[in-house]
Engineer: 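Here's a structure for you.
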Amino acid sequence: MKEKLGFAVWVLFLWGSCLGKFVVEKNSLKVTSPDSLKGVYESAIGNFGVPQYGGTMVGVVVYPKANVKGCKEFGDFGVSFKSKPGGLPTFLLVDRGDCYFTKKAWNAQNAGAAAILVADDKIEPLITMDNPEEDNTSAEYLQNITIPSALISKTTGDSLKKALSNGDMVNVNLDWRESLPHPDERVEYEFWTNSNDECGPKCDMQIDFVKSFKGAAQILEQKGYTQFTPHYITWYCPEAFILSKQCKSQCINHGRYCAPDPEQDFSKGYDGKDVVVQNLRQVCLYRVANESNKPWLWWDYVTDFAIRCPMKEKKYSKECANQVIESLGLDIKKIDKCIGDPEADEDNPVLKAEQDAQVGKDSRGDVTILPTLVINNRQYRGKLDKGAVLKAICAGFEETTEPAVCLSEGIQTNECLENNGDVGKIMLPMSLLARRVNLRNADVRKDSKVMVSTHVKARSHQRKSAGAFFGLFSSAWLQLVLEAMQSTNIEFE
C-alpha cells in the first residue's frame, strides 16, 4: 500500500561545479520627461500579462496616494486610472510587497491602467515576477491579466516617485523591440511542456494553449516560416534512493528519468513513471513525424490525446495513445523503437538529450519553469495565450520578412497601440516557505502552496545530465532546498 504524501519537494540538480543559470528577460524603460530623469533604464518582464513583443508603448506614470502596494481593489478608494479620450495611457507605479505580483497587476488592470510598474523594495539584481500556484478559483484571474508588467529597481522607483512628488509629469516609453532577437527569415521556437493533465490550473493552461494555437502553429510550420520543437523536463533520482518506493513509482530506467506523482498521492491514480513514458512517447512521435516531413502532427496528437485519453477517465494509457497515433497515420513500430525499454538499466538516448537541453546555452538560461516557451533562444515571458505568443513569434522575424499572419489586425504593435486597460520547481507549503524564504508579508494560508525554481549542486558519476529527485526523504534534504532557494531569481511577490 502506497503512502500519501504530506507535501512534495522537487529539486532540480544540474551537473557540474557551478550553479545553474537562470536568465531574467528584460525590456527597456525610457524616461522622456522630466529632463532630470531622461534616460534608458532596465526593467524585468513579468511572466504574466501580455508584453508587447516587437512594439513600444508610451504612457504617463502615476503613483497612487493610497493603496501604494496595489494589494487592494482601487475601486474601494474611489480611484480610476483609465485615461480620458485623447490622453496618454496610465502606467501605474506600485511598491513591492504584501501580496502577489499578479494581484497587483489584476487590481491595476481593473482600475484602468494600461501597464504596471512594480518598484523593488530593496537594492538587488532584477528578478522575474512569476505566477503563484493558486487553487482553481483564485487562478481564474491569472489568465485574464492582459496588461504588460515590469519590475524596476528600487533606485529607479525612488527616482520616479521623487519626481512625481515634486509635481513633475513623468512620461515613459516601454520598449520590447529588442526583447527577442530577429536574425533571419525563420523563427525557431521550443515549447517545454508536460503530458500530465492532473496538475491543476497550469496543466489546464498548457492544453488550452495547445488547442488554441494549433492552427496558427501548423500554418507557420507548413509554410516554412518557423521551426518548432517540443521538449519535456525529467529529473533523476539520487543514487541513495533508487531502491525507494518513491523513486520506483516516479522513475524509469532505474531512476534515471523521473516525474512527480500526478495527484501528489502515492496511494491512488497514476504514477510519475506513467507521465515520463507518455512524455517520451510524445517526443518520439515528434521525431518520427519530423522524419516524415510532417512535424506539425505533434499538435494534432497532443490535442487529440488530451481529449480522448484523460487521466480523470482512466484512459491515460499506451492503448489509447496508439489509437490516436493510428488515426494520424504514423508508424507505431518506429515510435515504440524510439521509446525503448523503460525497465532497462541504461540511458535512454532520447530522454538524456532532453535533460541535456534543459541546461542553458549562450543567452538562454536553464529551463526551470513549466510551461516555458523559448523563441529564437530567448525565454518568452508573459501570458500563455494564442494572441500574445503569436505576437512574440512575429517579433522574432527580421523586419520586412514577417508572414502575412503577422501583419493582420491585432498583431501589429507600435507607439500608437491602443492599450488602455481594456511560461525544476520546488513545491512546498506556503506556511513553511514564508518562514525561510523572503516572501515578505505574503498572505500565508496553511493550504497554500507556492512554486519556486532553484538550482543546487549535485554529483553523480552515473548521470551527468540535468535532472532531479522527487519525494521527501530527510530534513537534511529539506534544509538543502531551503538554503538553495536563497539564490533563486524568480519570485511571486
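Counting begins at 1 with the first residue of the sequence.
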Engineer: When rounded to the nearest 0.5 angstrom, what distance separates CG in D175 from CG in L29?
Structural biologist: 10.0 Å
Engineer: Does atom NZ (K211) have a neighbourhood of more than 12 heavy atoms from anything else shown, all under 6.0 Å?
Structural biologist: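 Yes, because the 6.0 Å sphere around NZ of K211 holds more than 12 heavy atoms from other groups.
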Engineer: Applying salt bridge (charged side-chain N to carboxylate O under 4.0 Å, His left out), name anything that partners K154, two or more places apart in sequence or on another chain.
Structural biologist: D158
Engineer: Taking the two cysteines C71 and C99, do their sulfur (SG) atoms come closer than 2.5 angstrom to each other?
Structural biologist: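 Answer is yes: C71 pairs with C99 in a disulfide.
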Engineer: Which label fits W192 and H231: parallel for a plane angle under 30°, tilted from 30 to 60°, or perpendicular past 60°?
Structural biologist: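 Geometry flag for H231 against W192: parallel rings.
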Engineer: Find out if the SG atoms belonging to C251 and C258 lie under 2.5 Å from one another.
Structural biologist: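 Yes, the SG atoms sit under 2.5 Å apart.
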Engineer: Is it the case that atom NZ in K386 sees more than 12 heavy atoms from other parts of the structure closer than 6.0 Å?
Structural biologist: no
Engineer: Only pairs at least two apart or in different chains count here, so list each ring pair (Phe, Tyr, Trp, His ring centres under 6.0 Å) that has a residue in residues 25-51.
Structural biologist: none
Engineer: With sequence neighbours left out, write down each residue that passes salt bridge (charged side-chain N to carboxylate O under 4.0 Å, His left out) with E42, or none if nothing qualifies.
Structural biologist: K26
Engineer: Test of understanding: with ring-ring contact (aromatic ring centres under 6.0 Å, His included), list the residues that count as partners of Y63, not counting sequence neighbours.
Structural biologist: none
Engineer: Taking everything shown except E73 itself, do over 12 heavy atoms lie less than 6.0 Å from its CD?
Structural biologist: no
Engineer: With K38, which residues qualify under salt bridge (charged side-chain N to carboxylate O under 4.0 Å, His left out), at least two apart?
Structural biologist: D35
Engineer: Got a sec, which residues hit side-chain hydrogen bond (donor to acceptor under 3.5 Å, both in side chains) with Y286, two or more places apart in sequence or on another chain?
Structural biologist: none
